[in-house]
Amino acid sequence: MAEQILKDPYNFDFLTVTAAAREREIERGLLTHLRDLLLELGRGFSFVGSQVPVTVDEQTFYIDLLFYHVRLHRYFVFELLCGRPHKAERF
């Protein structure tokens, strides 16, 4: 089921960051181009925030980029990672 909800990686070449860019630099680049990104995502998306805190079991996590689709009434969470993602832990 997790594979079904994940989309292929996006190409962020328009950010003009170096290959060794850190997550923070990518995030800043995306925020700089947020208007273009929203237009690319399509109609109905609104930007909620960056580094939005979410607390689960008394542990705080931060969502890199959070969007809301006003027609679908759904949140879209973007987790920015550099390099290969880690294997998901089983609970």
Side-chain angles (χ1 to χ4, degrees):
M1 183 171 168
E3 288 178 2
Q4 293 174 346
I5 62 172
L6 296 176
K7 188 174 179 174
D8 291 335
Y10 285 97
N11 184 351
F12 292 126
D13 286 342
F14 67 92
L15 294 178
T16 64
V17 293
T18 63
R22 295 178 184 236
E23 179 181 331
R24 212 36 124 179
E25 292 168 308
I26 294 170
E27 182 179 341
R28 278 191 216 115
L30 281 175
L31 290 173
T32 301
H33 295 87
L34 184 57
R35 182 175 181 177
D36 293 336
L37 178 63
L38 284 171
L39 291 173
E40 191 69 29
L41 290 174
R43 295 182 62 179
F45 280 93
S46 63
F47 179 67
V48 176
S50 171
Q51 295 300 314
V52 178
V54 175
T55 303
V56 178
D57 292 335
E58 298 181 16
Q59 206 173 15
T60 302
F61 300 92
Y62 294 89
I63 296 172
D64 290 333
L65 297 173
L66 182 61
F67 294 85
Y68 185 76
H69 196 283
V70 294
R71 282 198 231 124
L72 297 176
H73 303 287
R74 299 285 187 270
Y75 285 98
F76 287 77
V77 175
F78 288 78
E79 176 69 22
L80 304 174
L81 300 173
C82 293
R84 298 183 68 128
H86 301 286
K87 280 190 168 182
E89 294 180 4
R90 293 183 180 206
F91 295 98

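All heavy atoms count here, side chains included; hydrogens, waters and symmetry mates do not. Residue numbers start at 1 and run along the sequence shown.
- Using a 4.5 Å cut-off between side-chain heavy atoms of Ile, Leu, Val, Met, Phe, Trp and Tyr, with links allowed through other members, Val48 and Leu72 fall into different hydrophobic clusters.
- For Phe67 and Phe78, the ring centers are positioned less than 6.0 Å apart.
- Going from atom CZ of Phe47 over to atom CG of Leu65 covers 6.0 Å, rounded to the nearest 0.5 Å.
- Scanning both residues, His73 and Tyr68, for their nearest heavy atoms gives CA-OH, 3.1 Å.
- In this structure, the side chains of Ile63 and Val54 come closer than 4.5 Å at one or more pairs of heavy atoms.
- Less than 6.0 angstrom separates the ring centroid of Phe76 from the ring centroid of Phe45.
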